[in-house]
Amino acid sequence: MTVREGTYELGPGDGRLLLRTSRSGLGRRAGHDLTIEATNWTAEAAVREPLSESSGKVVVVVDGLEVREGTGGVKPLSEKDRLDIGDNLRKVLEARHHPEITFTATAVRTEAGEVEGDLTIMGRTKPVRVRAELDGDRLRGGATVQQTRWGIKPFSAFFGALRLADEVEVEFDLRLPVNN
């Protein structure tokens, strides 16, 4: 089974794009490690042979980020907590002024299992490396993103005793069109 050359459009029906946060600080026991899902995103992949000639772009709509799970913490994450966290997330990411997060691939390094590209958050563009593994019709991978590189101050509460860690793990698992 090999991926056919061509240009493909992908979205939430083709897989999942997740963000995972963790806590730090003395009060970390009170907070939750979060799993946030991008529910509104599009990707365009131009697949070429050799794969190193491929390119792609992903656009995530900030208003489509939804808190799916919260683990840890003193008490379970309530529906109100989920909504409040989502509202805060949109404020922090300035969704009204910067409604999209984009990633544009600039180089595909198949031997290293990496895609290099430019990630734009809140109008600021920085280079990132994304781990990527093609397994049959699945493309899986992720990246670690430091919020402060894009000018984002990680959430804190209780006078800084509870803080969101600077690193956010981005994970994806996508189903690609195949040629049998």
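Because only heavy atoms are used, hydrogens play no part in the values below, and waters and symmetry mates are left out as well, while side chains stay in.
- Val58 approaches Ala43 most closely through the heavy-atom pair CG2-CB, 3.9 Å.
- Between the side chains of Thr148 and Asp166, a donor-acceptor pair is found at a separation under 3.5 Å.
- Look at Arg175 and Asp137 and you find no salt bridge, because none of the NZ, NE, NH1 or NH2 atoms lies under 4.0 Å from a carboxylate O.
- Here the closest heavy-atom approach between residue Ala165 and residue Pro154 is recorded as O-CB, 4.4 Å.
- Under the side chain to side chain donor-acceptor pair (under 3.5 Å) criterion, the residue pairs touching residues 99-115 are Arg109-Glu116, with sequence neighbours excluded.
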### Task
Please test Leu77 against Glu69 for side-chain contact (heavy atoms from CB on, under 4.5 Å), starting from the C-alpha separation and ending with a verdict.
CA-CA 8 Å; Leu77 194 66; Glu69 183 182 27; over 6 Å; no
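- Closest of all the heavy-atom pairs between Arg129 and Ala143 is O-CB, 3.6 Å.
- Under the 4.5 Å side-chain heavy-atom criterion for grouping Ile, Leu, Val, Met, Phe, Trp and Tyr, Leu18 is not connected to Val130 through any hydrophobic cluster.
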### Task
Evaluate side-chain contact (heavy atoms from CB on, under 4.5 Å) for Leu19 paired with Glu169, printing each intermediate quantity in order.
CA-CA 6 Å; Leu19 310 173; Glu169 294 298 322; over 6 Å; no
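- For Arg140, the salt bridge (Lys or Arg N to Asp or Glu O under 4.0 Å) test picks out Asp135, Asp173, with sequence neighbours left out.
- Contact check for Arg90 versus Asp63: side-chain heavy atoms found under the 4.5 Å cut-off.
- The closest side-chain heavy-atom distance from Ile152 to Val92 is below 4.5 Å.
- For the atom pair Phe172 CZ and Arg138 CZ, the distance stands at 11.5 Å (nearest 0.5 Å).
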Kindly list each side-chain donor-acceptor pair under 3.5 angstrom involving residues 78-86, sequence neighbours excluded, with atom names and distances?
unit_1	atom_1	unit_2	atom_2	d
Ser78	OG	Lys80	N	3.4
Ser78	OG	Asp81	N	3.0
Ser78	OG	Asp81	OD1	3.4
Ser78	OG	Asp81	OD2	3.1
Lys80	NZ	Asp84	OD2	2.7
Asp81	OD2	Ser78	N	3.0
Arg82	NH1	Arg68	O	2.9

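- A 4.5 Å side-chain heavy-atom check between Val60 and Leu17 finds at least one atom pair inside the cut-off.
- Checked by atom type, the side-chain pair Thr35/Arg20 shows a donor-acceptor distance below 3.5 Å.
- Transitive grouping of hydrophobic side chains (ILVMFWY, heavy atoms separated by less than 4.5 Å) brings Val115 and Tyr8 into a common cluster.
- The structure places CE of Met122 at 6.5 Å from CG of Leu93, a figure rounded to the nearest 0.5 Å.
- Considering only heavy atoms from C-beta on, Asp33 comes within 4.5 Å of Ser22 through its side chain.
- The nearest pair of heavy atoms linking Gly6 to Arg48 is O-NH1, 3.5 Å.
- When hydrophobic clusters are built by joining Ile, Leu, Val, Met, Phe, Trp and Tyr residues whose side-chain heavy atoms come closer than 4.5 Å, directly or via intermediates, Leu10 is not grouped with Val61.
- Proximity of Pro127 to Arg149: side-chain heavy atoms (C-beta onward) are separated by under 4.5 Å at one or more points.
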#### Entry: Full working for side-chain contact (heavy atoms from CB on, under 4.5 Å) between Trp150 and Leu119
CA-CA 9 Å; Trp150 282 267; Leu119 180 62; 3.7 Å; yes
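- Summarising the geometry, atom OG1 belonging to Thr21 is positioned 3.5 Å from atom CG belonging to Leu34; distances are rounded to the nearest 0.5 Å.
- The structure places OG1 of Thr42 at 8.0 Å from CD of Glu9, a figure rounded to the nearest 0.5 Å.
- Residues Leu134 and Val47 share a single hydrophobic cluster, defined by chaining ILVMFWY side chains whose heavy atoms lie under 4.5 Å apart.
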### Message
As a quick check of understanding, evaluate side-chain contact (heavy atoms from CB on, under 4.5 Å) for Lys126 and Asp118, giving each step before the final call.
### Response
CA-CA 6 Å; Lys126 304 284 182 191; Asp118 293 324; over 6 Å; no
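- Annotation: side chain of Phe103 is not in contact with side chain of Thr120 (no heavy-atom distance under 4.5 Å).
- Rounding to the nearest 0.5 Å places CD of Glu171 at 9.5 Å from CZ of Arg16.
- Contact record, Val62 with His98: CG2-O, 3.7 Å, taken as the closest heavy-atom pair.
- Distance check, rounded to the nearest 0.5 Å: CG of Asp14 to CG of Leu139 gives 11.5 Å.
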